[in-house]
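These notes are about the structure you will find just below.
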Amino acid sequence: MPDRMSYKFIQNCLKFSSLVLFLLLLQPAIAQHAPKPGDTLPPFPALDDYLAKNQKQLGGDVITMLYHDGKVIYKKELNKEFTGKTQAPIAASSKWLTAALVMMFVQDGKISLDDPVTKYIPVYTAYSKRYITIRNCLTNTTGIHAEEPGLKAVLSGKKYPTLEDEAIGFAKKEIERNPGEMFFDSNIGLNIAGRILEIVGKKPFDRLVSERLLRPLKMRQTSFYLDYDKSINPSGGAQSTANDYLNFLVMMLNKGTFEGKRLLTEKSVAEMEKVQTGTAVVKYAPEVVKGYGYGFGDWIMEKDASGAGTVVSCPGLYGTFPLVDYCRGYALLVFTRTLTAEQKQEWYSGLLEVVNTQLPSNCK
């Protein structure tokens with residue numbers, strides 16, 4: 001009897017030892033995917049220096065986050081009162097969110113990119129705009145006259161009580177060029193598309209974007225109610241947080257999936273992030289993105305031989321700069337809240353150079 005008990009004791013000890021050994025071997029792998037709060041892996045002293053030197057240019061309230069290999073590897077808050085949970089307007093960075101929502105309706109078969117706007121808003125026929133398509137709306141190539149945006153336009157923009165009224169107002173504006181022939185970065189196209197979603201989805205735009213996109217992405221502090229005195233603005237009226245917007249970037253980096261759930265098909269993401277403007281004459285583009293192509297709500301900064309975007313971004317007037325680099329496998333977000341002068345392309349080029357020196361490209 002004692003011998004049998006001794007045998008069982010030894011057998012249990014061996015099992016326990018094997019378990020301990022397995023856990024010890026597993027520990028580094030667990031640690032890799034669960035960094036402690038405040039950890040910076042790998043260190044980015046050059047990025048720290050670059051942000052510190054340029055803090056004043058972005059207004060002081062700046063958060064920079066870098067996501068790579070399944071986790072946040074860098075997070076810098078230059079003002080401790082402006083954290084990843086602080087809401088701020090994101091201006092034109094709203095367009096990327098709206099374009100993603102439109103593509104959800106497309107992949108569901110509820111609308112088609114080449115549907116004419118008149119199919120949903122018949123009044124456009126009466127104003128010689130029967131050939132404008134949803135694709136034109138997503139690519140800012142409607143041909144409808146628009147004023148060059150800027151701080152003055154933001155602060156004194158025309159008020160419309162509803163998105164429906166605004167879409168009708170756009171129908172009455174002058175048509176400058178045939179659809180597809182002229183690119184003008186404005187709020188016209190995406191806001192028309194937003195109104196079409198309201199008609200098809202039979203709900204207000206803010207409810208649609210919340211139910212279909214924001215909630216699944218756990219963007220709980222993001223809303224399109226920036227100004228309660230104006231209609232919802234799908235092109236530039238969202239407010240968000242750095243933590244929230246990064247979730248959207250992670251979804252795009254993962255080709256449409258977030259935490260194992262697919263929101264966009266890979267085909268939808270690919271369609272969003274290739275140059276869609278073709279030979280359209282560029283009448284207006286912000287200084288920070290001049291020379292880049294345009295997809296659906298975002299700018300194609302780099303592309304591969306097939307024309308697919310490899311580096312895409314969607315800068316906002318307030319200084320917020322979200323970017324996805326598919327070749328290096330990272331999402332980068334510079335999030336600000338101060339309405340400043342338009343940022344220069346050189347600033348962001350310098351920022352990317354600092355990041356790219358430590359994250360090599362996987363593209364050939």
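Under the 4.5 Å side-chain criterion, counting only non-hydrogen atoms from C-beta, V269 is not in contact with E266. Proximity of E271 to L264: side-chain heavy atoms (C-beta onward) are nowhere separated by under 4.5 Å. Counting only heavy atoms from C-beta outward, the side chains of L163 and E198 approach each other to under 4.5 Å. Side-chain contact check for I300 versus K274: every heavy-atom pair is 4.5 Å or farther apart. Looking at E166 and N187, their side chains come closer than 4.5 Å, going by heavy atoms from C-beta outward. Using a 4.5 Å heavy-atom cutoff, the side chains of E176 and E181 are not in contact. Looking at heavy atoms from C-beta onward, H145 lies in side-chain contact with E147 at the 4.5 angstrom threshold. With contacts defined as side-chain heavy-atom distances shorter than 4.5 Å, the pair E273/V324 does not qualify.
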For this session: Before giving the answer on side chain to side chain contact (heavy atoms under 4.5 Å, CB included), spell out for F44 and V354 the whole-Å C-alpha distance, their side-chain angles and the decisive distance to 0.1 Å.
Result: CA-CA 9 Å; F44 283 87; V354 171; 5.6 Å; no

Exercise. What do the steps show when you test L351 against L332 for side chain to side chain contact (heavy atoms under 4.5 Å, CB included), and what is the final call?
Worked result: CA-CA 10 Å; L351 175 69; L332 173 68; 3.9 Å; yes

Exercise. Does the side chain to side chain donor-acceptor pair (under 3.5 Å) test come out yes or no for Q221 and T241, once each step is laid out?
Worked result: CA-CA 6 Å; Q221 299 301 313; T241 69; over 6 Å; no

Problem set entry | Residues N356, Y330; criterion side chain to side chain donor-acceptor pair (under 3.5 Å); working and verdict | CA-CA 10 Å; N356 293 345; Y330 72 75; 2.7 Å; yes

For this session: Apply side chain to side chain contact (heavy atoms under 4.5 Å, CB included) to L333 and T320, showing your working.
Result: CA-CA 7 Å; L333 176 63; T320 290; 4.1 Å; yes

Exercise. So V102 and F296, side chain to side chain contact (heavy atoms under 4.5 Å, CB included) or not? Walk me through it.
Worked result: CA-CA 9 Å; V102 172; F296 288 164; over 6 Å; no

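Cluster membership check: Y131 does not share its hydrophobic cluster with F183, using side-chain heavy-atom separations under 4.5 Å among Ile, Leu, Val, Met, Phe, Trp and Tyr. Linking ILVMFWY side-chain heavy atoms closer than 4.5 Å, directly or via other members, places V281 and L138 in two distinct hydrophobic clusters.
Among S231, S235, S186, the single residue meeting the side chain to side chain donor-acceptor pair (under 3.5 Å) criterion with N191 is S235. When each of I188, N178, T142 is checked for a side-chain contact (heavy atoms from CB on, under 4.5 Å) with I132, only T142 meets the rule.
Side-chain rings of Y245 and F335 stay apart, their centers remaining 6.0 Å or farther from each other.
Counting only distance, with no hydrogens or angles, the side chain of D49 and the backbone of A46 share no donor-acceptor pair below 3.5 Å. Between the side chain of T118 and the main chain of Y124, no donor-acceptor pair closer than 3.5 Å is present. In terms of modelled atom types and a separation under 3.5 Å, the side chain of R328 and the main chain of L359 share a donor-acceptor contact. Between the side chain of K129 and the main chain of Y127, a donor-acceptor pair closer than 3.5 Å is present. Remark: side-chain polar atoms of T336 are not paired, donor with acceptor, to backbone N or O of D61 under 3.5 angstrom. The main-chain N or O of P315 is never found under 3.5 Å from a side-chain atom of S313 such that the two would form a donor-acceptor pair. Using modelled atom types, no side-chain atom of T257 and backbone atom of G260 make a donor-acceptor pair closer than 3.5 Å. With hydrogens and angles ignored, the 3.5 Å screen pairs no side-chain donor or acceptor of S210 with any backbone N or O of D206. In this structure, N243 contributes its side chain and G84 its backbone to a donor-acceptor pair below 3.5 Å.
Across all non-hydrogen atoms, the minimal contact from L253 to A331 is CD2-N, 4.1 Å. The two residues W299 and D185 have their closest heavy-atom pair at CZ2-OD2, 3.9 Å. Nearest approach of S94 to A91, heavy atoms of both residues: OG-O, 2.6 Å. The two residues K75 and E77 make their nearest non-hydrogen contact at CE-OE2, 3.4 Å. In terms of heavy atoms, M65 sits closest to A242 at SD-CB, 3.8 Å. Contact record, A167 with R195: CB-CG, 3.8 Å, taken as the closest heavy-atom pair.
Residue-environment remark: CD (E353) stays at or below the threshold of 12 foreign heavy atoms within 6.0 Å. Atom NZ of K173 sits in a crowded spot, with more than 12 heavy atoms from other residues, nucleotides or ligands closer than 6.0 Å. In this structure, R262 places its CZ atom where more than 12 heavy-atom neighbours from other residues, nucleotides or ligands lie under 6.0 Å away.
For the pair K218 and F258, the cation-pi criterion (under 6.0 Å, within 45° of the ring axis) is not fulfilled.
For the atom pair CG of L217 and CE of M251, the computed distance is 5.0 Å after rounding to the nearest 0.5 Å. Between the CE atom in M301 and the CD atom in Q345 there is a gap of 7.0 Å [rounded to 0.5 Å]. If you take OG1 on T64 and OH on Y50, they are separated by 10.5 Å, rounding to the nearest 0.5 Å. Rounding to the nearest 0.5 Å gives a distance of 3.5 Å between CG of D244 and OG1 of T222. Between the NZ atom of K71 and the CG atom of L66 there is a distance of 11.0 Å, given to the nearest 0.5 Å. Taking SG from C137 and CD1 from I196, the interatomic distance works out to 5.5 Å, rounded to the nearest 0.5 Å.
Between W96 and F248, the angle of the ring planes goes over 60°, which puts this pair in the perpendicular group of the 30/60° scheme. Ring pair Y284/F184 is tilted by interplanar angle, where 30° to 60° counts as tilted. The aromatic rings of F321 and Y348 lie parallel to each other, with less than 30° between the two planes, well short of the 60° mark.
Checked by atom type, the side-chain pair Y74/D48 shows a donor-acceptor distance below 3.5 Å.
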